[in-house]
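Accompanying notes for the structure given below.
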Amino acid sequence: MKSKLASSISLLPLFFLGLFSIDAFVLGQQNIDQATIAGHIRFLADDQIEGRGPGTKADELTQLYIATQMQGMGYQPAGENDTWTQQVPLVGITSQAPAKMEIVGDNQSISLKYYDEFIAVSGRAQPTVELPKSEIVFVGFGITAPEYDWDDYQSIDVKDKIVLIMNNDPEDDPELFEGRRRLYYGRWDYKYANAARHGAAAAIIIHTTPSAGYPFSVIQTSWSGEESELGEDNSPRMLVKAWVTDEVAHRIAELANQDLDALRKSANSRQFKAVPLGVTSSLRLSCEIRNRDTANVLGLLPGSDPQLADEYVILMAHHDHLGLAVQRDATGDNIYNGAIDNASGVATLLALAKEFALSTAKPKRSILLAAVGAEEQGLLGSKYFAAHPTVPVGKIAGLVNMDGLNFLGRTVDLQVIGYGKSSIDALVQQAATGQDRKVVPDQFIDRGYYYRSDQFSLAKVGVPGLYLHAGTTVRGKPEGWGREQLEAWTEKTYHQPGDQYDPNWDLSGAVEDTQLLFEIASAMANADEMQSWKAGDEFEAARKKAIAEAGSSNE
């Protein structure tokens, strides 16, 4: 509850606020509380919302809930034709794989069991996909990176072949691909896309928990239902996209009279040459195809400064999850509630939106709320927004993306995903100092988190963005406790039906993080200049281009 002084000041005209040293933004943060955050999560993660799968009635209900919350706070609709939404056209593909997949060698074969040992989906939106008998080629990391003088496809034509790919990027040399830090080259979506560009008929990625950052159960749940792609996507396509377990990959190599560990070791060199394995496979998939839409929910709080109001700070969170499971778990549950991932991010977005709406001192730049869809399908909602921005990209001052929140309690540290990339670091440091907290870079650098959430879509068109993860040093808990809890959550709960609202969560840390994000977003909205990438960053050129095209305050 606000003090009498705070309540009195909030009634004063803006003219008189200049006479006081009290920061109106800090006063506003008293409205951020556990009950507000928990209430949004509880609704969005309820069984009645059926996991918020894209293109479903539950998806439409989720969008309506978010839009009405924005409306009730006094935001303006910022979607298409004065509505609250930007429609995102999708094509949904539900693939039916056979129970077995045969890998055939010269004198023997091995049989792989669907779901337990391999997962396969169609790479094309058509009723039947027939992968003819094709040779399997080990292509190492499957990377083509001219800036590193690296090309795993340099020695072979893989047209109409099946490529077997490691799920990572080279990490032995800290000067090459940034060592253990996972880059986009190490992500599965890059690998499939690059294989398709090289004409491969199919690509099989080898799953390991260290290289993926999660167990094979996440592959099973994330790749066994309806897969989506943007309706306008005309990029090269393969027939089949597949995953196999590490154990299966070893068996395939043995069938080819090869040693997988030796192949992996050889792949860590620029001199690596792809290895035809001399074994073959074929596969037939039947598919259900449907055209459907999801939507990005957009709301606007106009800026107060006539010179800066046409520039924007975006607050972003994805509102979707996986929907309903094809198979029920051991408890009979088939709803992917997505409480932490990402009802919690939407809850944080709405809490921040409320603070800006109630703050006496209005931000100079405009605040654009963006609850985007189909993130779990490959960042599709934010990708569509980046391709069809509702405001000029060069006028976006900065972005705050929220994907998961801290449910462990208040932390000493603050993880910044992508720390060192942009001017936003200084804003984070200032806000963290005010909370007596320590800013630390990503504590799980081998998992490529920067390229796994929606700020990446906007970064590719030049927008600097902030993405935080929960700290690992929890106040009042033993050393290592927080990290153990987060690892256990990833192992057992991530992308599983168990990601449900828990009234026993300690959301005090979530409140503190949300207050910090409010301070950072406020600083972005009131700074003399827009945020920028550090010199030489991979996204710097895109930023300069966007600003030049838009003609903004950073020219």
- prompt: Considering residues at least two apart in sequence or located in another chain, which fulfil the salt bridge (charged side-chain N to carboxylate O under 4.0 Å, His left out) criterion with K354?
  reply: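 Partners of K354 under the salt bridge (charged side-chain N to carboxylate O under 4.0 Å, His left out) test: none.
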
task: Mind checking salt bridge (charged side-chain N to carboxylate O under 4.0 Å, His left out) for E80 and listing every partner two or more places apart, or none if nothing turns up?
output: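 Here no residue qualifies.
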
Taking the six-membered ring for Trp, are [X] and [Y] ring centroids under 6.0 Å apart?
| X | Y | result |
| --- | --- | --- |
| F141 | Y185 | no |
| F518 | F356 | yes |
| W84 | Y75 | no |

Indicate the ring-plane relationship of [X] and [Y], choosing parallel, tilted or perpendicular according to the 30° and 60° boundaries.
| X | Y | value |
| --- | --- | --- |
| H321 | H495 | perpendicular |
| F43 | Y65 | parallel |
| Y192 | W243 | perpendicular |
| Y450 | F456 | perpendicular |
| F216 | H207 | perpendicular |

query: So, E171 and R180, do they make that salt bridge, N to O below 4.0 Å?
result: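 Between R180 and E171 there is no salt bridge, as every charged N stays at least 4.0 Å from the carboxylate O atoms.
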
- prompt: Just wondering, are more than 12 heavy atoms of other shown residues or ligands nearer than 6.0 Å to NZ in K460?
  reply: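 Yes, because the 6.0 Å sphere around NZ of K460 holds more than 12 heavy atoms from other groups.
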
Exercise: do D454 and S382 side chains pair donor with acceptor under 3.5 Å: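 Distance-only check passes for D454 and S382.
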
query: Will you find, in the side chains of D59 and Q63, an N or O donor that is under 3.5 Å from an N or O acceptor?
result: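 Indeed, the side chains of D59 and Q63 share at least one donor-acceptor pair under 3.5 Å.
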
field: Y419 side chain reached by V428 side chain, heavy atoms, under 4.5 Å
entry: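 They are not in side-chain contact.
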
Distance-only donor-acceptor hits, side chain of residues 300-308, under 3.5 Å, sequence neighbours excluded:
unit_1: S304; atom_1: OG; unit_2: K362; atom_2: O; d: 3.2
unit_1: S304; atom_1: OG; unit_2: P363; atom_2: O; d: 3.1
unit_1: D305; atom_1: OD1; unit_2: Q307; atom_2: N; d: 2.7

